[in-house]
Amino acid sequence: MTTYHSTRSRNESLTSKQAILEGIAHDGGLFVRDDVAAGAPSLGALMAGTYQDRAKLVLGHLLDDFTAEEITSCVDAAYGDNFDSPAVTPVSPCGDDWTLELWHGPTSAFKDVALQMLPQLMRVSRAGDGRNVMIVTATSGDTGKAALEGFADVPGTGVTVFYPHGKVSDVQRLQMATQRGNNVAVCAIEGNFDDAQTEVKRIFADAALRDRLGEENVVLSSANSINVGRLVPQVTYYFDAYAQLASAGALKVGDAIDFCVPTGNFGDVLAGYYAKLMGLPVRTLVVASNANDVLTDFIATGTYDRRRPFHKTISPSMDILVSSNLERLLFYLSEGDCDLVASLMADLAEKGAYTIPPALLERLHATFACGRSSDEDTRATIRSTWEEHGVLLDPHTAVARHVLEQRPADGTCRVVLSTASPYKFSADVLAALGHDTAGMGGFACMDALEELSHTTAPAALSALRSAPERFGDVVAVDGMNAYVEDKAKELLA
Ligand SMILES: *Cc1c(COP(=O)(O)O)cnc(C)c1O
């Protein structure tokens with residue numbers, strides 16, 4: 001059986017079940033396993049069957065302490081009619097390129113692919129453990145709702161979600177504020193996503209809080225993309241997209257493929273790297289950023305420098321300056337050099353920046369490319385993609401499409417990961433299409449978008465019109481710790 005350990009040391013050795021429950025290592029590192037390739041199913045095996053079959057193979061490989069029965073029960077529960085496409089993540093054409101639609105789940109963002117699965121993985125991982133789990137999550141907009149929806153009323157669990165006040169879309173805020181369930185709490189914070197994420201990491205590292213909650217029979221865990229249980233399910237759709245393209249005759253099994261990924265916390269694109277390590281013939285992973293282009297600069301230069309202004313953009317789920325999952329990539333690029341990763345992360349914490357050695361940068365460039373899209377570029381791309389191809393893109397997807405369009409095509413299949421339904425960001429999409437949205441509310445924009453595109457908004461988004469708001473709390477960053485403790489006692493004790 002393979003074990004997981006921290007990116008920053010090999011002191012702890014955990015099964016994947018333990019890693020899923022713990023979320024983050026005690027030294028602040030992320031859980032990784034050393035050899036992702038060893039024992040991986042063959043590409044041929046991964047091309048057969050359905051999405052669910054591929055998910056079982058991927059999960060069975062990366063979470064090898066789960067039994068086949070456990071994996072099957074998780075996959076069957078996670079990927080059923082909660083997705084409004086039988087393909088789960090269908091691929092569709094867009095000009096000469098392709099779009100991988102990852103937003104057919106209950107909250108209309110790609111986070112559902114992982115967050116419909118995570119509660120299942122936790123259910124199995126917790127079996128026999130009488131403690132309750134409080135999921136604590138910082139969200140830039142989409143993770144929070146997807147976590148709430150995944151964990152709502154799951155016995156023995158609670159969810160506390162923190163989002164940056166005033167920095168999510170109307171629909172995103174309403175999705176969270178109207179969440180059903182007796183085990184959930186939603187709170188805005190006075191700060192941005194990075195402030196929320198940094199404080200959540202601190203809460204997990206707070207030994208005194210851990211002890212106090214332990215006395216209440218509660219453990220904290222994370223649904224952020226730092227959790228192994230978030231990362232692993234995302235690997236599946238890279239293989240699945242490739243299989244769909246092979247079935248469509250767009251490529252032959254064995255051909256190279258490029259993916260362009262709208263990136264924030266680096267979880268989605270890292271899953272693509274895992275797929276490559278497991279044998280998918282990925283040539284290039286293009287990391288697309290918005291005006292918060294810390295990753296673009298990092299990939300270009302090898303220096304990660306978070307000391308820069310934070311920009312609020314029309315792709316808010318990517319408004320991030322500290323991309324947590326990049327730490328895992330550094331681990332693999334350095335061939336498992338935990339000391340190096342630990343020292344780079346110490347530099348980031350102390351100085352706000354780090355520079356990777358030249359050999360690492362070279363390995364990074366072997367697979368990764370990058371590009372940025374300003375809000376203006378993003379709007380122009382939404383408009384041109386609609387006018388030229390009749391495809392409606394949300395702003396995050398449009399960031400990636402813009403970046404891909406800047407790169408010369410050479411006949412290799414190119415896939416843009418589409419991470420949200422355009423209806424999640426109706427006002428910005430409508431405005432990008434040239435409409436005057438002044439004075440229009442989020443739902444009027446949704447109506448107008450339906451009329452203009454002859455498509456229908458996802459039912460769950462339309463239903464927000466009449467859903468009562470349940471949550472309106474706002475706290476300062478230094479109030480988050482106490483909020484978590486209160487909610488753990490209130491909801492779980
Ligand atoms: C979360 C999110 C992203 C960024 O994904 P990461 O895994 O954080 O890089 C992009 N687009 C949308 C719509 C998202 O919700």
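Along the sequence shown, the residues carry numbers beginning at 1. Both ligands and their constituent atoms are indexed starting at 1 by order of listing. All values reported here derive from a predicted model rather than from experimental measurement.
A ring-centre distance under 6.0 Å is not found for Tyr274 and His61.
The aromatic rings of Tyr79 and Tyr51 sit perpendicular, their planes meeting at an angle over 60°, well past the 30° parallel limit.
Between Arg308 and Asp297 there is a salt bridge, with a side-chain nitrogen of the basic residue lying less than 4.0 Å from a carboxylate oxygen of the acidic one. Under 4.0 Å is where a charged nitrogen must lie from a carboxylate oxygen, and between Glu149 and Lys111 no such pair does.
Nearest heavy atoms, Cys74 versus Val124: SG-CG2, 3.7 Å.
For ligand 1, the protein residues placed under 4.0 Å by at least one non-hydrogen atom are Phe110, Lys111, Asp142, Pro262, Thr263, Gly264, Asn265, Phe266, Gly267, Asp268, Ser317, Met318, His396, Thr419, Ala420.
Take Asp337 and apply the salt bridge (charged side-chain N to carboxylate O under 4.0 Å, His left out) test, not counting sequence neighbours, and it matches no residue.
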